Amino acid sequence: MAVVAAPAHASDAPGFVCNLTQNTWLRAAPHGYVLRTLTAGRGFRAHAGWGEDDDNWVYGHGAEDPSLDGWVPLGNTTC
C-alpha cells in the first residue's frame, strides 16, 4: 500500500517562518502554561511582537497546528 504525503506549506498568517531547533513547548504566555509540544526541525511562524523579556520570547504558531498561537523561547528557534 502506497501512502501519499500532503505537500508542506506555510500558513498565510502575517510574520516570518523560522525553524525550531529543539522540541519545545508552545505556551499561553511567556513562562505560562503549556498549550502543546512542538517538534524540533518543524517550522514556526513568528508574528509581530516579543514577550515580556524583550527578545527572549517569540509569539506565533508551529507547523503542527496553525490555528493555535502562543509563545516559545527565542533560543529554541532560528528566528
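All heavy atoms count here, side chains included; hydrogens, waters and symmetry mates do not. Every value quoted in this text rests on a predicted model; they were computed, and no experiment measured them.
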A side-chain contact here means heavy atoms from C-beta on lying under 4.5 Å apart; do Asn76 and Phe44 qualify? no
Could you tell me how the ring of His47 sits relative to the ring of Tyr59: parallel (under 30°), tilted (30 to 60°) or perpendicular (over 60°)? tilted
Any side-chain heavy-atom pair from His61 and Asp69 closer than 4.5 angstrom? yes
Validation row: Pro73, Thr24 side chains within 4.5 angstrom (heavy atoms): yes
Applying the side-chain contact (heavy atoms from CB on, under 4.5 Å) test to Leu26, which of Asp65, Val34, Leu35, Leu20 qualifies? Leu35
Can you find a pair of side-chain heavy atoms, one from Leu74 and one from Asn56, that are under 4.5 Å apart? no
Between the side chain of Thr78 and the main-chain N/O of Cys18, is any donor-acceptor distance below 3.5 Å? no
Treating Arg27 as the side-chain partner and Gly32 as the backbone partner, does any N or O pair qualify as donor plus acceptor under 3.5 Å? yes
Check Trp71 against Ala28 and note the closest heavy-atom contact, atom names and distance. CD1-O, 3.5 Å
Heavy-atom closest pair (Gln22 atom, Gly75 atom, distance to 0.1 Å) is NE2-O, 4.3 Å
